[in-house]
Amino acid sequence: MNQLDFWDTREIIVDSFAGGGGVSTGIEAATGRPVDIAINHDPAAIAMHKVNHPHTEHYCESVWEVDPRKATRGRPVGLFWLSPDCKHFSKAKGGKPVSKDIRGLAWIALRWAATVKPRVIMLENVEEFKDWGPLLENGMPDPNQKGRTFQTFVNALKRQGYQVEYRELKACDYGAPTKRKRFVLIARCDGRPIIWPEPTHGDPERPEVKSGKLKPLRMTAEIIDWAMPVKSIFERDRPLAENTMIRLARGIQRFVIDNPRPFIAPLTGPINNHGHLVSAFLTQYHSYAGDGARGQTLDRPILTLDTANRYALVTSHLIKFRGTNIGQPMDQPLQTITAGGLHFGEVRAFLIKYYGADVGQNLDTPLHTITTKGRFALVTVAGQDYQIVDIGMRMLEPRELFDGQGFPVDYIIDRDAEGRQLPKAEQVKMCGNSVPPVLPKHLVWANLPELCRDLRVASGQGRR
């Protein structure tokens with residue numbers, strides 16, 4: 001068989017609901033070649049996909065408008081991947097599912113199964129997808145029929161000759177710096193077993209990590225651009241809203257003051273001075289019920305990223321009241337604080353306000369509101385006295401969010417194939433709608449190893 005015949009007869013890969021390219025990026029990392037067909041109705045998504053995957057055939061239209069037989073042109077389909085719109089299943093949506101059309105997008109898998117019979121079908125969605133069921137007259141899901149439509153969907157695939165399995169996977173378990181949990185369904189009709197990839201990363205305290213069998217989970221701190229300026233909350237032209245200030249104050253109490261191992265950041269940016277101890281955390285703007293300290297430390301994967309930028313980096317700048325040795329080089333981040341290195345121990349602290357009638361407060365009560373005129377002194381941290389001299393905050397940039405999803409550092413996110421600049425809001429939306437590339441990469445490695453080597457071996461033109 002000559003090379004041209006090979007390219008005409010090889011199995012193709014189809015990325016339906018392709019978005020900005022997370023799935024295609026992961027599949028390409030596994031197979032060494034571009035996906036053959038990408039489908040999405042959103043011109044902005046296709047534009048970002050095109051600039052990063054120029055050798056893919058793109059369809060910018062509804063998945064229902066694409067005829068599988070015409071698109072494949074008689075070529076066998078090795079993998080059909082679909083990530084249908086999830087907002088009408090997700091618990092994060094908050095309201096009722098308003099579109100039956102969107103809730104029914106997953107049925108496109110049956111159309112492809114019945115017409116071109118992909119050897120393997122993979123579907124990714126939110127974990128609530130398996131609860132897919134009929135709606136009541138008021139448009140809300142019927143609690144008595146939870147999962148009924150999903151089981152109908154699975155049985156329809158089985159009637160087409162597919163074996164079907166499904167699980168929930170976390171992207172951080174496979175090397176992404178995000179905890180994003182997703183539902184994954186695999187269906188195959190070639191008689192081969194469905195294989196679920198083994199995790200490659202784990203909690204640093206697990207024996208498998210300590211023994212070297214697994215790598216430690218990647219940290220949020222890895223995706224932060226520490227050289228980017230973080231503006232002081234006290235020097236803004238327009239003061240932050242009081243609720244935002246309260247959220248920041250509570251976050252500082254939880255993630256810095258009450259944290260026995262606060263994350264120590266590098267000393268960069270215009271409001272840092274040498275000798276400062278910079279403790280950092282992320283605050284969240286998601287509207288969910290909780291204790292008011294919405295955020296996380298930076299020594300673990302970032303929580304799920306969605307289509308709106310809801311994360312801000314908060315830095316607390318501390319100066320010792322006495323002494324100059326703060327226990328570590330300050331020109332590099334302290335990624336893991338262990339007993340063998342800088343150790344903070346249990347925090348016992350007292351805050352002093354520099355405004356108003358109050359002289360201070362204990363830490364067993366919520367931190368009083370931080371105002372634009374206020375400064376606080378942190379008296380004791382693990383036996384050492386510090387003063388908070390500044391607090392900075394900035395929203396995470398789109399590049400940091402894409403890094404959090406596990407995209408390659410050279411992935412183009414700010415322009416399309418025609419050179420049009422993409423607004424930040426559009427970039428963030430693409431990121432939130434994306435699939436962390438590590439998930440499709442490991443799923444394809446496990447279930448389609450023949451596609452991961454055939455192109456490189458047969459043509460010598462595969463890309464890594």
So, taking the atom named [atom1] in [X] and the one named [atom2] in [Y], what distance separates them when rounded to the nearest 0.5 Å?
X    : Y    : atom1 : atom2 : result
L401 : K429 : CG    : NZ    : 15.5 Å
R180 : D173 : CZ    : CG    : 15.0 Å
I27  : C452 : CD1   : SG    : 9.5 Å

Please give me the minimum heavy-atom distance between [X] and [Y], naming the atom from each residue.
X    : Y    : result
V209 : P204 : CG1-CA, 3.8 Å
W107 : A156 : CZ3-CB, 4.2 Å
F402 : Q427 : CE1-O, 3.3 Å
A18  : N40  : N-ND2, 3.6 Å
G21  : T25  : O-OG1, 2.7 Å
G22  : F407 : CA-CZ, 3.4 Å

Please determine if [X] and [Y] form a salt bridge, counting it only when a charged side-chain N lies under 4.0 Å from a carboxylate O.
X    : Y    : result
K50  : E418 : no
R10  : D36  : yes
R73  : E57  : yes
R119 : E11  : yes
R192 : E450 : yes
K170 : E127 : no
R188 : E165 : no

### Task
Quick one: do Q151 and W132 satisfy side chain to side chain donor-acceptor pair (under 3.5 Å)? Show the steps, please.
CA-CA 8 Å; Q151 287 302 324; W132 183 17; over 6 Å; no
State, with a plain yes or no, whether a side-chain heavy atom of [X] is found less than 4.5 Å away from one of [Y].
X    : Y    : answer
P436 : T178 : yes
L123 : W81  : no
I39  : I37  : yes
V120 : P118 : no

For [X], does the [atom1] atom sit with more than 12 other heavy atoms under 6.0 Å from it, leaving out its own atoms?
X    : atom1 : result
R148 : CZ    : no
R415 : CZ    : no
Q145 : CD    : yes

#### Entry: Steps toward salt bridge (Lys or Arg N to Asp or Glu O under 4.0 Å) verdict (E208, K215)
CA-CA 8 Å; E208 299 94 328; K215 297 178 181 179; over 6 Å; no
### Query
Any idea how F129 and F183 line up, ring-wise: parallel (<30°), tilted (30 to 60°), or perpendicular (>60°)?
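Plane angle between 30° and 60°, so tilted.
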Sole residue of [options] in side chain to side chain contact (heavy atoms under 4.5 Å, CB included) with [X]:
X    : options              : answer
L79  : L448, V35, L443, T31 : L448
S16  : L105, L82, I121, V66 : L82
L214 : R206, E198, H201     : R206

### Query
When you measure from the side chain of Y174 to the backbone N and O of P197, does any donor-acceptor pair fall under 3.5 Å?
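Judged by distance alone, yes, a pair lies under 3.5 Å.
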### Message
According to side chain to side chain donor-acceptor pair (under 3.5 Å), who are the partners of E168, at least two apart in sequence or on a separate chain?
### Response
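Partners of E168 under the side chain to side chain donor-acceptor pair (under 3.5 Å) test: K130.
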#### Entry: Pair H49, T56: side-chain N/O donor-acceptor within cut-off below 3.5 Å
no
### Task
For side-chain contact (heavy atoms from CB on, under 4.5 Å), just list the numbers for T72 and W112, CA-CA rounded to whole Å, side-chain angles, deciding distance to a tenth of an Å, and then say yes or no.
CA-CA 10 Å; T72 58; W112 282 73; 3.8 Å; yes
#### Entry: Steps toward salt bridge (Lys or Arg N to Asp or Glu O under 4.0 Å) verdict (E28, K441)
CA-CA 8 Å; E28 181 173 338; K441 179 176 75 171; over 6 Å; no
